Amino acid sequence: GDSVTQTEGQVALSEEDFLTIHCNYSASGYPTLFWYVQYPGEGPQLLFRASRDKEKGSSRGFEATYDKGTTSFHLRKASVQESDSAVYYCALSDQGTGNYKYVFGAGTRLKVIA
Amino acid sequence: EAAVTQSPRSKVAVTGGKVTLSCHQTNNHDYMYWYRQDTGHGLRLIHYSYVADSTEKGDIPDGYKASRPSQENFSLILELASLSQTAVYFCASRTANTLYFGAGTRLSVL
């Protein structure tokens, strides 16, 4: 079945550091890729999505580019702030096959120290 | 703004007891989902539904039942709660290929 792998379980950075969270996927079709963010005490919320190869998604200074060749959708931010501390989930949905399931990675907990 | 409300927000249950988690959405969305969140596993799909009176199994349905009596309501039922079902449970509804999550229910089975 479809799957999403996030390499980093936890990341600790100082403010203004550069962030990279790696996400690789495996899917039989042509999935839409997502990044969701979860703040303490809340449910996950959509950060952004990308639906086709080379498409860049972005929001709030975060960005990721859909790479079909390397099956990746890595999350990056040039300068993190303490308020970015949260759990980040990479996810996919392959609805072209009529499957309306969403598959999530294990999540990456980001802690930014002021 | 999409609204998904879960109740209760936290619950302590005894092993072997019955637990019902409730979810209500005011979004008029067709699809609703139940996910389980565990450290190291992320969010895993238990059950989902795309229409009232019909539910589908997700990736980890064993030990769980779901009920969708109306478009607005979607319940998750643990008939015989077990220690391994201690987790945070999230309900979500879907529109325009976006999931809208509730705030979660923290379930502890003792």
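Remember, predicted model here, so these are calculated numbers, not experimental data. To find a chain, count down the sequence lines: A is the first, B the second, and so on, and within it residues start at 1.
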Most contact-rich option vs chain A, by heavy-atom pairs under 4.5 angstrom, among B/Val88, B/Leu45, B/Asn97, B/Asp38, is B/Asn97
Against chain B, label A/Gln6 side chain, backbone, both or neither, depending on which of its atoms sit under 4.5 Å from a heavy atom there.
neither
Is A/Asp67 reaching over with its side chain to a backbone N or O of A/Ser72, donor-acceptor style, under 3.5 angstrom?
no
For B/Tyr48, is the NZ or CZ atom of A/Lys101 found under 6.0 angstrom from the centre of its six-membered ring and inside 45 degrees of the ring axis?
no
Determine, for B/Asp53 against B/Arg68, whether the closest basic-nitrogen to carboxylate-oxygen distance falls under 4.0 angstrom.
no
Who wins among B/His41, B/Arg44, B/Gln37, B/Arg106 for the most heavy-atom pairs under 4.5 Å with chain A?
B/Gln37
Parallel, tilted or perpendicular, judged at 30° and 60°: which one describes the rings of B/Phe101 and B/Tyr35?
tilted
Can you tell which of A/Pro44, A/Ala106, A/Gly107 has the highest number of heavy-atom pairs within less than 4.5 Å of chain B?
A/Pro44
Show the nearest heavy-atom pair for residues A/Thr108 and A/Glu8, with the distance to one decimal.
OG1-O, 2.5 Å
Under 4.5 Å from any heavy atom of chain B - which part of A/Arg109
neither
